[in-house]
Amino acid sequence: MSNVLIKTEDEIALMREAGRLLASVFKVLDDFVKAGVSTMEINDFVEDYIVNELKSRPASKGQYDYQYVLNSSINEVVCHGVPSVRKKLRERDIVNLDITLEKDGYIADSSKMYMLGDVLPIAKKLVDVTYNAMWKGIETVKPGATIGDIGHAIQSYAEKHDFSVVRDYCGHGIGQEMHEDPQILHFGKPNTGMTLQQGMIFTIEPMINQGSYKTKQKKDGWTVITKDRKLSAQWEHTILVTSSGFEVLTLRDEEKQE
């Protein structure tokens, strides 16, 4: 636990506000994301909204020399898809938009899948199972649970539906830095790994593949795709460990009604 930063009540309040603001970004994106829009147009729209409307900072821009404010990962892209003027969304695409936002020194991180038009049944199933798998992981979070409990809940749900869990990328602690300890694996065994403690904040962001869990990175140094070129999906939330369970700091309005 020595490297894990337990957040104070004041820090939690700042993280909660960053999460609330980030959730609002997805709300305005819901009407913007459609076939014919380029991923760079989405990037620029999000940057303008975060900076000018929310008076916040897109935390991804400049991180690790990355030039953009989000990742746009389409179809077989697992994560870290780079926005492009030439890459336009098409009917039947599935796309993950992964966005970070920093307000008053604290960062929230979340991603959402969008399905364009009449997607293939297997694509819809993958998107839905990935969302539910994320929640299976979230629902294990409480003081005394372990990181292995989170991973096991996600892995067992995904594999029950004949999908695979990406091993190469994981969730992470978050606060004043985008990536803090601990690492949150999305596969594992119950009662293994670090024990969760009240005041920890981290992301849960499973990447679930239609076929094999194996991935490869493209020559741009960022974009990660499925090795077998089959579909991949991802959802992500920033989670606080509370005294009795969890709080989703990036919860969106449509999720509050469920």
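Positions are given from 1, in the same order as the sequence printed here. What you see below is based on every heavy atom in this structure, not just the backbone, and it leaves out hydrogens, waters and symmetry mates.
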Next item on the list: Side-chain contact test, heavy atoms from C-beta onward, threshold under 4.5 Å: evaluate it for Asn75 versus Arg229 and give yes or no.
Entry: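 Not touching, per the 4.5 Å side-chain cut-off.
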Notebook entry, point to check: Does the side chain of Ile99 come within less than 4.5 Å of Ser60's, by heavy atoms?
Noted result: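 SC-SC contact between Ser60 and Ile99 ruled out.
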Item checked: Atom CZ of Arg167 with >12 non-hydrogen neighbours under 6.0 angstrom -> yes
Charged N to carboxylate O below 4.0 Å: is that the case for [X] and [Y]?
X	Y	answer
Lys256	Asp253	yes
Asp228	Lys214	no
Asp30	Lys112	yes

Using distance alone, with no hydrogens and no angle criterion, decide if [X] and [Y] have a side-chain donor and acceptor under 3.5 Å apart.
X	Y	answer
Ser232	Thr226	no
His172	Glu205	yes
Asn96	Ser111	yes
Thr215	Asp168	yes

Specify whether [X] and [Y] have parallel, tilted or perpendicular ring planes, treating 30° as the upper limit for parallel and 60° as the lower limit for perpendicular.
X	Y	answer
Tyr66	Tyr68	perpendicular
Trp135	His237	perpendicular
Phe32	Phe45	parallel

Notebook entry, point to check: According to a 4.5 Å side-chain heavy-atom criterion applied to Ile, Leu, Val, Met, Phe, Trp and Tyr, with indirect links allowed, do Val119 and Leu97 form part of one hydrophobic cluster?
Noted result: no
